[in-house]
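Here the structure is a predicted model, which is why all the values come from computation and not from measurement. Proteins get letters first, then strands, A, B, ... in listed order; numbering begins at 1 in each.
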2 protein chains.
Amino acid sequence: MAETMADRKKAILRAVTDDYISTAEPVGSRTIARKYGLGVSSATIRNEMADLEDEGYLEQPHVSAGRIPSDKGYRFYVDALMPERALTGLEEKKIRAECVKRSDEIQSLIRATARVLGELSNCASIVIGPGVKTAEIRHIQLVPLSADSVLVLVVTNAGLVEHRVLAIDHEMDPRDLENMSRMLNHRLRGSSLAQMRGRVLGEILADLNAYASFLEEMFDLLLSATRSSDQNRVYVDGLMRLLGQPEFNELERARPILEFLESDDLVLTELAGTASRGPGGAYATIGSENQRQELRECSVVCAPYGVGGQVVGTIAVVGPTRIDYSLAMSLVGYMAESLSDLLTRTQSAK
Amino acid sequence: MAETMADRKKAILRAVTDDYISTAEPVGSRTIARKYGLGVSSATIRNEMADLEDEGYLEQPHVSAGRIPSDKGYRFYVDALMPERALTGLEEKKIRAECVKRSDEIQSLIRATARVLGELSNCASIVIGPGVKTAEIRHIQLVPLSADSVLVLVVTNAGLVEHRVLAIDHEMDPRDLENMSRMLNHRLRGSSLAQMRGRVLGEILADLNAYASFLEEMFDLLLSATRSSDQNRVYVDGLMRLLGQPEFNELERARPILEFLESDDLVLTELAGTASRGPGGAYATIGSENQRQELRECSVVCAPYGVGGQVVGTIAVVGPTRIDYSLAMSLVGYMAESLSDLLTRTQSAK
DNA sequence: TTTAGCACTCGGCACAGCAGAGTGCTAACG
DNA sequence: CGTTAGCACTCTGCTGTGCCGAGTGCTAAA
């Protein structure tokens with residue numbers, strides 16, 4: 001139905017949205033007539049705007065103020081009106097410079113991604129790092145640390161290195177550990193920690209039953225590790241930038257959003273859903289489209305990234321519904337792609 | 001000179017400070033007379049307060065408002081007047097519950113510490129995790145990952161595990177790696193990465209000159225790692241709680257502080273100095289005592305923690321100058337001690 | 001169908017007036 | 001001489017009024 005909108009109406013909706021995105025002020029018919037040469041007078045635009053309001057694309061904060069886009073208006077803008085924006089050379093350069101240089105270590109990479117994304121979008125940014133629970137195991141190894149402790153090392157296909165120290169009762173021969181490492185590697189490579197327990201534990205125990213209790217303990221440790229490390233996957237940056245936005249000048253409006261963003265758990269579960277949309281492309285969730293009450297006055301632009309086609313994390317930008325969708329979607333899309341590239345490349349290089 | 005203050009004056013200063021800490025409202029002579037039974041009339045208290053103002057311990061926001069403590073007043077309060085406060089059983093329990101349960105992994109432990117500290121103090125909290133640069137190396141090991149990559153693993157005396165993946169040109173015999181690990185361990189255990197370069201590199205190269213180029217590369221990687229991982233040491237929590245404080249109701253007052261706290265680098269360098277004060281005890285830096293302009297309206301209560309007497313990190317609480325010093329200092333002191341205990345125990349257990 | 005004109009609405013701001021809290025000062029008191 | 005009561009004074013914060021400007025909707029003309 002929206003597609004049947006007359007061209008002039010679309011032009012006006014686009015103008016209103018563009019203007020409001022950049023000024024944060026309700027925009028009146030006169031402004032449109034002056035700044036965006038549509039060749040018609042303000043009165044005509046007024047009439048069209050009244051129609052657009054009836055149809056739910058625009059709304060009026062007060063009767064004598066200009067119009068601002070409604071969530072429905074933004075949705076239409078994003079789907080049909082928004083200018084395709086390519087990143088500038090400067091932006092791409094900045095992204096490359098910051099991200100590639102940090103790619104030696106995945107934590108730094110993720111952190112840098114969040115930082116750069118926040119900076120360029122001038123909004124708050126979220127990056128969910130790769131998790132260890134469902135990731136494919138690329139390497140698993142036991143490293144003897146001392147007489148009574150062993151370091152359990154797991155490297156996933158996303159390049160994430162997870163480790164735990166396991167205390168042991170009685171000294172173990174390094175040779176045995178070596179053997180066990182080989183065995184574990186052989187059995188577990190390619191599967192995930194999540195499925196490890198059920199599927200392979202039995203077989204391994206059968207093969208190595210001399211060390212059954214040790215292995216049991218080790219698996220337990222790893223499983224509890226996956227649980228606790230999930231909270232460490234969330235990186236948020238640029239919270240303060242939200243406060244700079246005019247719509248959040250009154251603290252009380254910003255408070256719930258900021259509190260939400262400060263809680264890693266909530267952010268994680270909220271963005272977990274996006275993984276299911278599969279990699280490639282950026283998605284916008286506009287205002288009331290958000291499930292969570294706290295985000296009803298925000299828009300979230302996010303894109304999953306992954307390794308070799310499998311989604312391992314998500315990056316996102318959070319701003320007022322007036323967020324610059326064009327910029328945000330380009331940025332998020334590009335950075336998700338970069339991340340995927342980087343991770344996939346490091347992984348295949350091995 | 002301050003010590004010569006008459007007892008009644010002290011009592012009044014204490015009363016004003018206590019009251020202002022809990023209410024955030026300038027406190028008048030009448031309030032003091034009513035709420036804190038000093039046995040004198042409000043007029044007398046008025047006179048004393050005028051004196052305290054002349055001496056610089058109190059100040060008046062406006063002529064017809066009550067008094068609030070000046071930075072000098074807070075300093076005197078902290079040094080001489082503040083009630084010693086023991087943590088309640090509930091508080092201790094909460095700390096233990098959250099921290100001990102996370103002690104299997106140092107990142108989680110640090111994060112949980114920041115979280116609990118922020119929650120209990122009702123302020124923003126900072127925890128600087130152990131660094132790898134100056135830490136003593138407890139274990140160093142090369143783990144063959146695949147034909148063309150080796151994982152370099154460093155475990156420090158604080159239990160921190162740092163790792164980097166090193167790409168190699170031509171395949172290396174696992175046996176050689178094993179030998180090198182043993183050798184590196186032997187040579188480097190007990191020294192730090194920072195001093196590694198200068199002191200031991202030469203010797204090691206002489207012993208293992210067949211692998212000189214490999215080792216050179218490895219050292220370079222590790223050194224650059226220490227640089228980039230420094231930024232990952234900073235954990236800040238409860239930024240939003242600052243916004244809840246009445247003094248930060250106007251955003252513009254809070255903005256610079258929040259921006260400072262969001263910048264890991266600045267926080268790190270600012271708190272780095274505290275390490276030199278040595279472990280044990282909490283220190284308050286009040287308002288204008290802070291070097292950084294941004295913190296001139298804040299107080300920072302911090303305490304270093306360490307492993308076996310050597311300082312490896314710092315924990316801190318940031319709030320308005322009106323912060324509850326008594327609570328903050330107890331909390332920070334106790335948690336620094338707990339952390340030190342935990343880290344020292346895990347280290348000596350190995 | 002578009003445009004010009006006009007009356008109307010409403011938010012924001014400046015300004016005045018008022019109430020309340022708290023002070024400093026003076027004078028009386030033990 | 002220290003302490004207290006009383007009083008005049010000051011200043012903030014709140015409330016209510018009036019005005020300006022921006023922008024609309026409607027009507028009538030082009």
Side-chain angles (χ1 to χ4, degrees), chain A residues 5-13 15-17 19-20 22-70 73 246-247 249-250 253, chain B residues 4-13 15-20 22-70 73 246-247 249-250 253:
Chain A
M5 194 187 288
D7 281 351
R8 194 177 60 190
K9 242 182 200 163
K10 286 189 194 170
I12 290 174
L13 180 52
V16 171
T17 311
D19 204 75
Y20 187 64
S22 60
T23 66
E25 300 277 321
V27 25
S29 52
R30 200 149 160 189
T31 314
I32 300 288
R34 262 192 325 227
K35 279 182 34 184
Y36 305 81
L38 299 185
V40 289
S41 78
S42 68
T44 308
I45 292 173
R46 254 196 316 275
N47 290 329
E48 297 278 43
M49 281 166 90
D51 287 357
L52 283 167
E53 185 174 355
D54 286 344
E55 296 161 35
Y57 294 103
L58 294 180
E59 47 196 38
Q60 252 179 322
H62 347 278
V63 58
S64 84
R67 304 298 209 297
I68 64 178
S70 66
E247 29 272 280
N249 256 350
E250 316 130 64
R253 216 162 273 288
Chain B
T4 67
M5 195 186 287
D7 281 351
R8 194 175 61 192
K9 243 182 198 164
K10 287 189 193 170
I12 290 174
L13 180 53
V16 170
T17 310
D18 282 340
D19 203 73
Y20 187 64
S22 60
T23 66
E25 301 276 320
V27 25
S29 53
R30 201 151 158 186
T31 314
I32 300 288
R34 261 192 327 229
K35 280 182 32 185
Y36 305 80
L38 299 186
V40 289
S41 77
S42 68
T44 309
I45 292 174
R46 258 200 308 280
N47 289 331
E48 298 279 43
M49 282 166 91
D51 287 356
L52 283 167
E53 187 175 353
D54 288 343
E55 296 161 35
Y57 293 103
L58 295 180
E59 47 196 38
Q60 251 179 322
H62 345 280
V63 58
S64 85
R67 303 301 209 296
I68 64 177
S70 66
E247 30 272 279
N249 257 351
E250 316 130 63
R253 217 162 271 289

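- Closest approach of A/Val16 and A/Arg67 over heavy atoms only: CG1-O, 4.0 Å.
- A/Lys10 contributes atom NZ, which lies 12.0 Å from atom CG of A/Leu52 (distance to the nearest 0.5 angstrom).
- Checked by atom type and distance alone, the side chain of A/Ser70 pairs as donor or acceptor with a backbone atom of A/Gly56 at under 3.5 Å.
- Closest to the B/His62 side chain, of the nucleotides D/dT4, C/dC10, D/dT12, is D/dT12.
- Within the 4.0 Å cut-off from OP1 or OP2 of D/dG2, not a single side-chain nitrogen or oxygen of B/Arg8 is found.
- Going from atom CG of A/Asn249 over to atom P of C/dG12 covers 13 Å, rounded to whole Å.
- The distance between atom CD of A/Gln60 and atom C1' of C/dG11, rounded to the nearest whole Å, is 13 Å.
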**Request:** Assess whether side chain to side chain contact (heavy atoms under 4.5 Å, CB included) is satisfied between A/Val40 and A/Arg8, documenting all intermediate values.
**Result:** CA-CA 10 Å; A/Val40 289; A/Arg8 194 177 60 190; 3.9 Å; yes
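- Atoms OH (A/Tyr20) and P (D/dG23) sit 14 Å apart, rounded to a whole Å.
- The shortest distance between the side-chain N/O atoms of B/Arg34 and the OP1/OP2 oxygens of C/dG22 is not below 4.0 Å.
- Across all non-hydrogen atoms, the minimal contact from B/Ala24 to B/Glu247 is CB-OE2, 4.4 Å.
- Separating the CZ atom of A/Arg30 from the P atom of C/dA4 is a distance of 12 Å, rounded to the nearest angstrom.
- For A/Leu38 and C/dT3, the CG to C1' distance is 15 Å, given to the nearest whole Å.
- Within a heavy-atom distance below 4.0 Å of DNA chain C, the residues of residues 43-53 of chain B found are B/Arg46, B/Met49.
- Atom CG in A/Leu58 sits roughly 11 Å away from atom P in D/dG25 (whole-Å rounding).
- One atom, CD of A/Glu59, and another, P of D/dT24, lie 15 Å apart when rounded to the nearest Å.
- Judged by distance alone, the side chains of B/Tyr36 and B/Asp18 never bring a donor and an acceptor atom under 3.5 Å apart.
- B/Gln60 and B/Gly66 get closest at one heavy-atom pair: CG-O, 3.7 Å.
- Rounded to whole Å, atom P of D/dT12 lies 14 Å from atom CD1 of B/Ile68.
- A sub-4.0 Å separation between OP1 or OP2 of C/dT9 and a side-chain N or O of A/Ser64 is absent.
- Contact annotation for A/Ser29: backbone-only contact, meaning every heavy-atom pair under 4.0 Å involves sugar-phosphate atoms and none involves a base.
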